[in-house]
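Here, residue 1 is the first one in the sequence, and each next residue gets the next number. Owing to the predicted nature of the structure, the values given are computational and were not obtained by experimental measurement. Remember, it's 1-based here, ligands and their atoms both numbered in the order they're listed.
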Amino acid sequence: MAYQRTESYDQQTTDALMDHYKNIIGLLGEDVEREGLIKTPERMAKAMQYMTQGYEQNAVEILNSARFKEEVSEMVLVKHIELFSMCEHHLVPFYGKAHIAYIPNGYITGLSKLARVVDVYARRLQVQERLTTQILKAVKESLNPLGVAVVIEAKHLCMMMRGVQKQNSVTTTSAFDGEFLNNHVTRNEFLKLISADLD
Ligand SMILES: [Zn+2]
């Protein structure tokens, strides 16, 4: 077998999380020993560790690992990057897409690395506003570009499943730096590009 996908979990952390999840399921009024739930604490323990693996990853290192010298001064834009994160107030998901643009200043990075940076910060307990600025800061630190722009559009399950139950509301957050902040022509070009659909 040439390719094997493996996931590894720290046993001590997994065991401790399992104990807590067992208690939580019981407190919610369920029988944790019934067939359908017997393995749920273990699954939750592993799922939560997977969904918070971003704490162990370094976005700037990822960008630096594919940084190349290149004399390009046109905007580089990756849009519609899928995003799944978890709201830190309710521990339920928010999901949507991220759009990232930068104007190189001697260096570019691998396009897939920008998508990985989104995962690094999305796989933590988050608020959408902080997620947006963390992505911007990582790109800025690694590439020192002439400008960076990040826009995130997301739906929050904590709003859709509980509370105000606004099923179709989309939250948009943005962060701009350099040329995107100072030059409205550049910023408008970016905003036009991300709202235009590919076909
Ligand atoms: Zn929430």
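Taking the six-membered ring for Trp and thresholds of 30 and 60 degrees, Phe176 and Phe190 have ring planes more than 60 degrees apart, a perpendicular arrangement.
With respect to Glu141 and Lys137, no salt bridge is recorded, no charged nitrogen being found less than 4.0 Å from a carboxylate O. Taking 4.0 Å as the cut-off between side-chain N and carboxylate O, Glu88 and Arg130 count as a salt-bridged pair.
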(Q) For Glu153 and Thr172: C-alpha separation, side-chain torsions, deciding distance, then whether side-chain hydrogen bond (donor to acceptor under 3.5 Å, both in side chains) applies. (A) CA-CA 4 Å; Glu153 302 168 277; Thr172 303; 4.6 Å; no
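If you look at the Zn ion (ligand 1), the protein N, O or S atoms less than 2.8 Å from it are Cys87 SG, His90 ND1, Cys158 SG.
With hydrogens and angles left out, the side-chain atoms of Gln128 and Thr173 include a donor and acceptor closer than 3.5 Å. Between the side chains of Gln53 and Gln49, no donor-acceptor pair of N or O atoms lies under 3.5 Å.
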